[in-house]
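Here the structure comes first, spelled out in structure tokens, and everything after it is commentary.
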Amino acid sequence: MSESYEATLYDGLSAAGRACVAAPTINALEIRFPDGDVISWPYATLALVSDEGDGNRVVLAPGRDADERLTATGPGVFRAMLAVVPSLGDQQPTRGYRMAALTAGAIVAVLALVWAGYPLIKDGLVAVFPAAWSNRIGAEMVNDEAMFDKPCTGAAGLAALDDLAERLSEGAGLRQPITVHVRAGDEVNAFAATGGHVVLLDGLIQQAATPDEVAGVLAHEIGHVKHRHPLKRLIDVAGIQLIVTGISGDVGAVGTMVLMLNYGRRDEAQADSAALELLDKAGIRANGLADFFDRMAEKQKDRINFTGFLRTHPPLADRSALMHGHKPPGATRPALTDQQWKDVRAVCQPVRE
Amino acid sequence: MSEVLEARIDAPQPDRLKAGGDGGNLLAIHLMGLLLTLVTLGIYRFWWRTNVRRYLWSSLSYKGDPFEYTGRGLELFVGFLIVLVLVVAPLMGVYFFGYYLLKSGDLLVGGTIMGGTYLVMFALFGAAIYRVMTYRLSRTKWRGIRAALGGSAFKYTGLYMLSLLLQVLTVGLATPFVTIMVYRYILNNVWFGSGRLTFDADWKPLFKYYIGPGILRLVALVIMGFAIYQINQASGQGDAAERAAVLQGLGTIGIGLLVLLMSAIAMYWYWAAVIRTIFAGMEFEGVRFAAPVTGGRYAKFMIVNFLLVVFTQYIAYPWVQLRILRFAASNIEIHGEPDFTKISQNTALQPRFGEGLGEAFL
Ligand SMILES: [Zn+2]
């Protein structure tokens, strides 16, 4: 208690200091000047301004918003002052390597918890997600003009595709009927969005040799819809976005990019087996999808630009074999009539011209 | 020669800032910030930033007294919310209104509105830079005396747009002129208490440092533009020819990137010259400054910083932050000493809220 330290007082009005001595007393810090003046700063409001540094300096203020500063110097003055005024210790931010290690451990624990709990949260969200919202979001996605070319409007072709989709999804237990959209463009690809919206690109229709191939691709996309992959992926992306935005503060758009991301291997396999089931029920040859994959892979060999469907649906080694080896349980009939197939191939005719 | 030597010996040793700080402590602050930011879904970010600044500011001292950062996380948070509600939301509303008009066929009005919002966003970007500097200086104290940035974000925005325009029109050659012009505005508005910083410098000596990297960059852009043109030309010439052209084009782009990298490295010599010029041109209440940093040392410093951050996946970031303080402390010379009795508290120039605009646009 009798300890005192050389110090300089800055009065908060000028940058010039006054030499003094800082002496801790029972409940206030006394600042004594050579001319006999004494100022007293109560411990109750005393604020710690400086860091520990080398420990031989401490800067204090009489209150958190005060402009006055007292810089006391002397061996070990920082610790000594903290020992006398315990409330200063609370103002010292938690620091040190041990703290760093503990915090790093806590971060890992939080991430692990999120990682482990995430599938449960996701399943819960999928279960309660209103159908009307899925539908709105899906419609928004497939109508994104930055993403797709113009919608194709050939009425007969669209009706034929809707019939095919209805035939395929009968008894599949979908929450919403499938809406098939066709978009112009040369890319060979197809997408499933939320709310049962499925997009076929005209390039895919033009590259397909038979209606069975289109039916196969459509069944695969309906398989994604059945397993609610679009909504699950949307939730994934929203979750990642939330974390990225939270940390970086960057409010970027996710938007339709969601459609361009690959599904995982497991999702693709699920969609494939659902497709087989749907095709069987509808009495359509399952070879269509396999033929389509094979031909796309063949084409890809001598082209520089990737074929879209293979980019978003990476060829799985056993996929084609699985489908080729599949025997339909009953009699089959063509996916579309000749007239319907003509209409479907012409669905983008008005837009192309 | 001996005369010069004597003059140097006679001149009093320059004063310097002193940099301290401990990387482990700063790492702990960063990790705690990251943890709480994760847990609060991002809201703690503002307090994280505040804690880091408090540590960095206090790690730098002059004449034995540390600098202080007195900003609060809450100020940053409130500033962010204000900008979100008063600036970002209305701007987005207007933008989407323009988009809606455009989609419903009114190309002229819709396009004008959308272009206008882009222009406003550019201007706000300039204003944001100035607001951030204003806030940080106003929350900087030394010996209990506040610093401040006067001037107006509005004027700075004009200067910012003008400098962008000049740089575009001169394919970058106006950069030295623009650099000095912008610093002249900022630095002449810096206050510490009642003391004011003044700054003047000539941009012309900087030009010879800029011309090398400036030309290299133009060359790189021309090379890459040519490569893209080549690739475009080749499309539709048949598969084999197309593939060959694309490969060749990619090779050319690689060369362009290499030249661009060389230009970026050569720019360190320019920035070192800018630092020397700026410190030589400043005066504060009779005190002069110098920062005799060479291009080579500055390049090494910056490249090491970059490598430290990249190779440790940001774990070394706290050490890099402290390295920057040490680099400043060891390179800035302070010649002379102000009359501290004449520097009093400045009660004007106090922004109320945080750096909201910066939060939204930087
Ligand atoms: Zn798929």
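Every chain is numbered from 1 and lettered A, B, ... according to where its sequence line falls, protein lines coming before strand lines. Remember, predicted model here, so these are calculated numbers, not experimental data.
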>> For the aromatic rings, using the six-membered ring if either is Trp, is the centroid distance between Phe46(B) and Phe80(B) under 6.0 Å?
In response: yes
>> Could you check, using the six-membered ring where one of them is a Trp, whether Trp142(B) and Tyr69(B) have ring centers closer than 6.0 angstrom?
In response: no
>> My understanding is that only residues two or more places apart in sequence, or in another chain, count here; which of them pass salt bridge (charged side-chain N to carboxylate O under 4.0 Å, His left out) with Asp35(A)?
In response: Arg18(A)
> Sequence neighbours excluded, which residues qualify as salt bridge (charged side-chain N to carboxylate O under 4.0 Å, His left out) partners of Lys63(B)?
Replying inline: Asp15(B), Glu337(B)
Per-residue contact mode, [X] against chain B (heavy atom under 4.5 angstrom):
{"X": "Leu13(A)", "value": "backbone"}
{"X": "Leu111(A)", "value": "side chain"}
{"X": "Ala66(A)", "value": "backbone"}

Can you say whether [X] sits under 4.5 Å from chain A via the side chain, the backbone, both, or neither, judging by heavy atoms?
{"X": "Ser61(B)", "result": "side chain"}
{"X": "Asp22(B)", "result": "side chain"}
{"X": "Lys141(B)", "result": "side chain"}

> Taking NZ, NE, NH1 and NH2 as the nitrogens, is one of them in Arg146(B) or Asp67(A) under 4.0 Å from a carboxylate oxygen of the other?
Replying inline: yes
>> Using side-chain heavy atoms (C-beta onward) and a distance below 4.5 Å, is Ile31(A) in contact with Phe33(A)?
In response: yes
> What residue, out of Gly195(B), Gly23(B), Gly20(B), Gly64(B), has the most heavy-atom pairs lying under 4.5 Å from chain A?
Replying inline: Gly64(B)
>> Looking only at heavy atoms and a cut-off of under 4.5 Å, which of Thr40(B), Leu35(B), Thr341(B) has the most pairs with chain A?
In response: Leu35(B)
>> At a heavy-atom distance under 4.5 Å, which candidate from Ala101(A), Ala16(A), Ala15(A) has the highest pair count against chain B?
In response: Ala15(A)
